[in-house]
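Below is one structure, written out as structure tokens; comments come after it.
Numbered from 1 within each chain, the chains take letters A, B, ... in sequence-line order.
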Amino acid sequence: MEQTEKKKSETLNGTRPNGQEGNKRVSVRKTYKLYIDGKFPRSESGRYYALTSPEGEMLANICRSSRKDFRDAVVAARKAQPAWASRSAFNKGQILYRLAEILEGRTAQFTAELVSMGVSESRSKQEIQASIDRLVYYAGWTDKFHQVFSSVNPVESSHFNFSVPEPTGVVSIIAPEENGLLGLVSVIAPAIAGGNTVAVLASSAYPLTAITFAEVVNSSDVPAGVVNILTGYRSELLSWFSNHMDVNAVVYCGSDAEEIRLVGENASLNVKRPVILSPGDWYSPQEENPYRIMELQEVKTTWHPIGQ
Amino acid sequence: MARTSKKQTALKFRGEWEYAPAPESKDHIRLEKKYGLFINGKFSEPRSGKYFDSVNPADETLLASVAEAGAEDVDLAVTAARSAYEKTWSKMPARERGKYIYRIARLMQERARELAIIESMDGGKPIRESRDIDIPLAAAHFFYYAGWADKLEYAVPGRTAGPLGVAGQIIPWNFPLLMAAWKIAPALAAGNTVVIKPAETTPLTALKLAEIIRDADLPSGVVNIITGAGSTGSALVNHPGIQKVAFTGSTEVGKMIQKTLAGTDKKYTLELGGKAANIIFEDAAIDQAVEGIINGIFFNQGHVCCAGSRLFVQEPVAAKVIRKLKDRMETLLVGDPLDKNTDVGAINSKAQLDKIHKYLKIGVNEGGEMYQTSCKLPSRGFWCRPTLFTDVSQSSRIVQEEIFGPVLSVQTFRTVEEAIEKANNIPYGLSGGVWTDKGSKIFRVTSQIRAGVIWANTYNKFDPVSPFGGYKESGMGREGGLHGLLPYIQTYSN
């Protein structure tokens, strides 16, 4: 009887289902915080919003990030970017693959969190598996997209001339509001696979898996600052994510015409590359392709004389 | 003649070897007194009823009166382009499309000298450059992209390629015909139709290109060339009938265009300003580097977005490089753009000359040490002596802002790290130059400069197969090569 009435939040926070009756262990619940520069700080603003399950049950207090939190995330991302970009392609691939490994091992935890936020158990498993597979997909691209999208250019003069992709730099990402895990992974993976660093706003409806994914990032040899994950309100943070002058590209997931216009206008302040993704189905194979990597790349052409 | 004075430290050429005038003849060029708009395959009077003058910046004489397209004219041009797109150009077998583009390339080659002369008269650039660089490259650009027309699927692995629709294109005055080629050729190859607006101070070669397009029997409306100034460009960018905007010009205007296009489905490429670092290491071949510095900043009077306008010299060789640079600058012949010996021609317009003069004042007021060559300048027209500033800092406005003139700022550095940091400490990221004899250093520095085009031991080289475009506030998208085709292609999942 007790088992069936067991609160979702207890499953979520690790109560053993067969705990001894009458001497029930009190579970240790997780505090969901932000992930900035490899650390888990609370929002500097001290603000939060209460996340509840579809049944109205309290799940967690989620940090409501401020402009300052985002700026901290950008500073961390900028600091980490050159070293991340200079990691070998092989190494970046291994680290992305490591993310998939760690995520696979935590399937139960992610399932519990997705279920607590109202996703059916079978759908949860499907979302986690698709997320793992997506990480493996992009892990495999890290040392291949340069080859596919580079060129040696046969110029008329006596020069060796070649063009290669290089990371755009720091990317701010408004992750999809739907599919709290798969959506998040689908936008982070191509950005970091290409050597960018990111500051991401997680889905406000599904923030738990985003912060737990930060733990996966934290334990997968991803250097501090490469992935920074914030929670909070999209409406409040959208301007800062798109108008920051030290951000090189902004990825917006959604279909709100007013928001898309705002992101585009703010992007023009420093000629950010705006990437607008309004997909219907994050599970679709069309949502994983090397062009997602290339949207966040610059092409550099180098001329070198031949002779002497 | 041997030099006689032993005390002489600097080379002195002037006064010993005078160059006789060697003007290019202009008797065979054909220029109308008045040009209409090229819409739907023919020249027509503008509905706006307005005309403006295009003058020769070298002597301020009137070259032609040119139509100013108003909103109604822009609408006519876009309608013609849309109709041509739907009825002929997108329906035509790609191979046939390619052959039309080849025809344009060939006709340009046939009329190359005429185009070069008009380019120099309208824009002020030396005939040596328009004849040897601008026009051949423009023709080669058409020739290159013509061949892409029936091979688009190889440009986008794993995808199917198709055109976007009507492209609205705005080009600058520094390489008028070449920029028209950069814009039109890939657009047509991918199956788009075009409405293009040349810059108001240099419309003439684009209008000659209209004649060539007419002579090539391109289907009416595939290329429409409308002249005008900012308001014409604005009407074009805002027209709901275009699917793509391609702009080359200042970062300021580029940002306005990007803002305007926010929230629309129009795709865009922006090729904007630059402030390139040209870095000379102590182990460079110094004389060669000096030639590269000269070419980097004085090519086309410095009216080059990728000009090497920030010189960085490693300290041990700084004094030597600056001395040799000044000597070499002194030999530059400034004057008649049509003279085949001229190195530096006329500043493109009065407005641009005023802007350059403003920056010279700013440079001096900020404490910079200004050096200008002693050459005589013609009495009429717009001219600026090759200029060099030392004693400047990273924060000097003449170091941070694009001047777009023959003005070089010189700074020094000690370590590779310092050079890279200084080179990148700017919102622009279009181009850069590196001079050293050490191969590994070249790759280290070229890979760390945040810019789209890097020249190692050379500078200001261009080729149709070579992608060109900027990082950061220097724009987005590439022009030239395979990568320059992509912004004109729509892709579909297979």
Side-chain angles (χ1 to χ4, degrees), chain A residues 82 85-86 145 148-169 242 245-246 248-249 256-274 276 284-287 289-291 294 298-308, chain B residues 136-137 140 156-159 251 254-264 270 272 285 288 427 429 431 433-434 439 442-443 446-459 461-478 480-483 486 491 493:
Chain A
S86 68
F145 76 91
V148 176
F149 296 100
S150 288
S151 59
V152 170
N153 311 306
V155 294
E156 192 185 358
S157 54
S158 181
H159 291 93
F160 182 67
N161 175 303
F162 57 97
S163 301
V164 291
E166 284 189 348
T168 293
S242 50
M245 295 297 276
D246 200 29
N248 302 103
D256 183 305
E258 201 46 45
E259 289 184 349
I260 291 171
R261 192 185 54 76
L262 175 74
V263 166
E265 286 189 359
N266 282 343
S268 73
L269 290 169
N270 63 335
V271 200
K272 276 185 205 73
R273 289 74 172 115
I276 309 295
S284 161
Q286 287 172 29
E287 292 304 326
N289 60 67
Y291 293 94
M294 288 306 294
E298 305 293 320
V299 171
K300 174 182 280 181
T301 299
T302 307
W303 292 70
H304 201 305
I306 300 170
Q308 273 96 56
Chain B
L137 271 179
V156 284
R159 294 272 177 108
T251 291
K255 287 178 176 179
M256 283 160 52
I257 290 175
Q258 189 182 8
K259 188 174 181 191
T260 302
L261 296 176
T264 71
L270 305 171
L272 310 178
Q288 212 178 318
S431 59
V434 181
I442 287 177
F443 282 101
T446 56
S447 65
Q448 289 189 29
I449 294 178
R450 302 279 297 152
V453 185
I454 315 280
W455 288 285
N457 291 323
T458 184
Y459 208 94
K461 292 281 183 287
F462 308 92
D463 196 284
V465 307
S466 178
F468 185 93
Y471 286 29
K472 302 195 279 185
E473 294 192 16
S474 287
M476 62 181 93
R478 293 293 173 267
L482 162 63
H483 298 87
L486 304 179
T491 70
S493 301

Identify which part of [X] has an atom lying under 4.5 Å from any heavy atom of chain B, answering side chain, backbone, both or neither.
X         : answer
Phe149(A) : both
Ala267(A) : both
Asn161(A) : side chain
Leu269(A) : backbone
Asn289(A) : side chain
Ser86(A)  : neither
Pro167(A) : backbone

[X] versus [Y], closest heavy-atom pair with distance:
X         : Y         : result
His483(B) : Ser151(A) : CE1-OG, 3.3 Å
Ala262(B) : Gly264(A) : CB-C, 3.3 Å
Ala451(B) : Lys300(A) : O-CE, 3.2 Å

Worksheet item: Between Pro464(B), Ala456(B), Gly263(B), which shows the greatest number of heavy-atom pairs under 4.5 Å with chain A?
Response: Ala456(B)
Worksheet entry | When Gly480(B), Gly429(B), Ser493(B) are compared by non-hydrogen pairs under 4.5 Å with chain A, the top option |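 Heavy-atom pair counts peak at Ser493(B).
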Practice prompt. Count the heavy-atom pairs under 4.5 Å between each of Ile260(A), Val299(A), Thr302(A) and chain B, then report the option with the highest count.
Written response: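 Heavy-atom pair counts peak at Val299(A).
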Worksheet item: For chain B, which of Glu156(A), Glu259(A), Glu166(A) has the most heavy-atom pairs under 4.5 Å?
Response: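 Sorted descending by pairs with chain B, the first entry is Glu166(A).
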Check each atom of [X] against the heavy atoms of chain A and say whether the ones under 4.5 Å are side chain, backbone, both or neither.
X         : result
Ala140(B) : neither
Leu486(B) : neither
Ile257(B) : neither
Tyr459(B) : neither
Thr446(B) : both
Pro427(B) : neither
Val156(B) : both
Leu261(B) : neither

Do [X] and [Y] have side chains that get closer than 4.5 Å, going by heavy atoms?
X         : Y         : result
Val271(A) : Leu272(B) : yes
Pro157(B) : Tyr291(A) : yes
Gln258(B) : Pro274(A) : yes
Glu473(B) : Lys272(A) : no
His304(A) : Trp455(B) : no

With distance as the sole test, does [X] use its side chain to make a donor-acceptor pair with the main-chain N or O of [Y] at under 3.5 Å?
X         : Y         : answer
Arg273(A) : Lys472(B) : yes
Thr301(A) : Val453(B) : no
Lys461(B) : Pro305(A) : no

Worksheet entry | Glu298(A) with Arg478(B): basic N within carboxylate O range, under 4.0 Å |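 Salt bridge flag = yes for Arg478(B) with Glu298(A).
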Practice prompt. Could you give me the CA-CA distance, side-chain angles and deciding distance for Trp303(A) and Asp463(B), then say whether side-chain contact (heavy atoms from CB on, under 4.5 Å) is met?
Written response: CA-CA 11 Å; Trp303(A) 292 70; Asp463(B) 196 284; 3.7 Å; yes
